[in-house]
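Taking it in order: structure first as structure tokens, then the write-up.
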Amino acid sequence: MPPPRKQHYGIKHASGSLIHYRPPVSASIQRRHFAVVPSVLTFAVIVASGGLLLMIEKGMLNSVETPPPRANGKRVASNNNPAADVESQILQEIRNRTIRSMCGQRNTPNSVWSLSPLQRKTLLQHILVNDEHRFLYCYVPKVACSNWKRVLKVLSGALANVDVKMKMDHRSDLLFLSDLSPEEIRHRLRHYFKFMFVREPMARLLSAYRNKFGEIEAYQRKYGAEIVRRYRKGYSKAKKIAGNDVTFTEFVRYLIDEDPDRMNEHWMPITNLCHPCAIQYNFIGSYERLESDAAYVLERVGAPQRVRFPERQTWYRPVTKETLHYYLCTVPQKFLKELLPKYILDFSLFGYSLPNTTTEYCRH
């Protein structure tokens, strides 16, 4: 059977108009030589800027309407802030234009079936299915995915409510696209609402680093010890290493040497996990606007009013701008220049600025 036909999706405004959306760019482009990065960046900036300039030129910023009512206003605090809704729609429009342009490049996989077997396996194992409310969610570790899994378990009846105190089992009581037959997958890709959530790439990496190497012994033994052996002088392979003192620079050096398609999911680039050029997502929310974007999705899929997105746990340590600045400035410039190309599509497709790590900036 031939691959599914390309479709155009959109998000309705209150006016009934659509913001059309087509997927992002392929993971294979990430492996191109570092020399192409400036041109990719320049292209992304031009596309994004062009989208904003066009909106200004046509006076769209003066007439953009707030999103449609969501559960009579009870879900979303930002309904009381029209400026925030306008900003959200501008960002969505810029992101949509960038994704359409970059995913339109030649040799970019534009369906699940045009991905490599490894890429397809990773993608299908990260898309969760809810048949009752007819939606697909591509989960990205370190982007509130545990809370989204709680929501899915509540919607399926496996969990009473999102506040139940329990250790999250990331496999049980959940249905993944990888559990289904090719025909069942095609049907859901054609007819279900599809969404994902993204996060500033370096903040996501830092969150993974602090969590896995600072708190999870299994990761310290499996990854931490190997990283120390590879990148810290004076450690023999025979010496027993706990792996609980990996520095952020050592972690960065490890990422530089890894194949993005084979990385652990907690630091694999988002584009390699969810392949937004191969999947035509109807909505891409962001971690930075988690509360309002999550509320929009819950309303859009018709979740009952009793189902809400969980609040952050009291023990959660947020990655602040100051914290990220501190860690990035501890990494030598030459390593950051090698690292950023691996995540360049996450920056460009989802509208995040590259971090400023100049010597002058890091002095402050």
Side-chain angles (χ1 to χ4, degrees), residues 1-11 18 20-32 40 95-141 143 145 148 152 170-171 174-198 258-265 268-285 297 301 342-346 348-350:
M1 182 176 292
R5 295 174 58 191
K6 292 184 182 178
Q7 298 180 14
H8 293 265
Y9 295 92
I11 302 171
L18 288 172
H20 290 286
Y21 181 83
R22 270 182 61 195
V25 65
S26 105
S28 61
I29 300 176
Q30 285 182 313
R31 294 192 290 271
R32 292 182 181 175
V40 173
R95 179 182 292 163
N96 292 345
R97 286 173 177 270
T98 305
I99 288 170
R100 284 198 301 268
S101 297
M102 296 189 74
C103 286
Q105 296 183 60
R106 292 182 61 185
N107 302 320
T108 299
N110 56 17
S111 80
V112 170
W113 317 107
S114 58
L115 297 171
S116 73
L118 176 60
Q119 291 171 334
R120 183 163 56 250
K121 179 182 178 182
T122 298
L123 173 62
L124 297 181
Q125 288 178 341
H126 282 82
I127 295 184
L128 287 155
V129 182
N130 183 283
D131 285 325
E132 180 181 354
H133 295 279
R134 299 171 61 85
F135 70 79
L136 303 177
Y137 159 58
C138 186
Y139 80 87
V140 178
V143 190
C145 73
W148 272 114
L152 265 76
H170 291 266
R171 298 294 308 181
L174 293 169
L175 178 65
F176 296 80
L177 267 188
S178 56
D179 298 326
L180 305 178
S181 69
E183 191 52 44
E184 290 172 322
I185 292 171
R186 286 187 176 94
H187 173 78
R188 284 159 179 79
L189 287 174
R190 279 195 297 265
H191 300 292
Y192 282 21
F193 178 80
K194 298 171 286 294
F195 72 94
M196 60 182 286
F197 273 71
V198 299
E258 289 296 290
D259 178 352
D261 279 333
R262 298 180 184 278
M263 285 181 176
N264 179 278
E265 63 175 7
M268 182 181 286
I270 296 172
T271 48
N272 294 68
L273 285 170
C274 293
H275 289 280
C277 276
I279 297 287
Q280 297 180 339
Y281 292 99
N282 301 89
F283 182 75
I284 297 182
V297 170
V301 301
K342 296 212 169 195
Y343 297 88
I344 197 65
L345 290 179
D346 286 0
S348 58
L349 287 177
F350 307 130

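Contact between L128 and L174 at its shortest, heavy atoms only, is CD2-CB, 3.7 Å. The shortest heavy-atom contact between Y281 and C138 is OH-CB, 3.4 Å. Smallest separation of non-hydrogen atoms from K342 and D259: NZ-N, 4.3 Å. Minimum heavy-atom separation, C145 to V140: CB-O, 3.6 Å. Minimum heavy-atom separation, N272 to T122: O-CG2, 3.9 Å. Between L124 and V112, the shortest heavy-atom contact is CD2-CG1, 4.1 Å.
Here the side chains of I270 and Y343 are not in contact, with every heavy-atom distance at 4.5 Å or above. Proximity of P269 to L345: side-chain heavy atoms (C-beta onward) are nowhere separated by under 4.5 Å. Contact annotation: the side chain of F193 never approaches that of R134 to less than 4.5 Å [non-hydrogen atoms, C-beta and beyond]. Side chains of V198 and D346 form no contact here, defined as non-hydrogen atoms less than 4.5 Å apart. Between D179 and V129, the closest side-chain pair of non-hydrogen atoms is not below 4.5 Å. A heavy-atom distance below 4.5 Å is not found between the side chains of N130 and V301.
Between F135 and F195, the ring planes lie tilted relative to each other; the angle falls in the 30° to 60° range.
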Working for salt bridge (Lys or Arg N to Asp or Glu O under 4.0 Å), residues E183 and R190: CA-CA 11 Å; E183 191 52 44; R190 279 195 297 265; 3.8 Å; yes
Pair L189-L177, side-chain contact (heavy atoms from CB on, under 4.5 Å): steps then yes or no: CA-CA 10 Å; L189 287 174; L177 267 188; 4.2 Å; yes
Could you walk me through whether M196 and I127 pass the side-chain contact (heavy atoms from CB on, under 4.5 Å) check? CA-CA 9 Å; M196 60 182 286; I127 295 184; over 6 Å; no
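Here OG of S178 is found 9.5 Å from CG of L123. Values are rounded to the nearest 0.5 Å. In this structure, the separation between CZ on R188 and CG on L180 is 5.0 Å, given to the nearest 0.5 Å. Remark: I99 CD1 to I284 CD1 distance equals 4.0 Å, nearest 0.5 Å. The CG atom of N282 sits 4.5 Å away from the NZ atom of K194 when rounded to the nearest 0.5 Å. Distance NE2/H126 to CD/E265: 3.5 Å, rounded to 0.5 Å. To the nearest 0.5 Å, the span separating CG on N96 from OG on S101 amounts to 10.5 Å.
Judged as a ring-ring contact (aromatic ring centres under 6.0 Å, His included), and not counting sequence neighbours, the contacts of F197 are W148.
Between the T108 side chain and the G104 main chain, no donor and acceptor come within less than 3.5 Å of each other. Although no hydrogens or angles enter the test, the distance criterion places a donor-acceptor pair under 3.5 Å between the side chain of S114 and the main chain of S111.
With 3.5 Å as the limit, one finds no donor-acceptor pair spanning the side chains of H275 and Q119. Looking at D131 and Y192, their side chains do bring a donor and an acceptor atom within 3.5 Å of each other.
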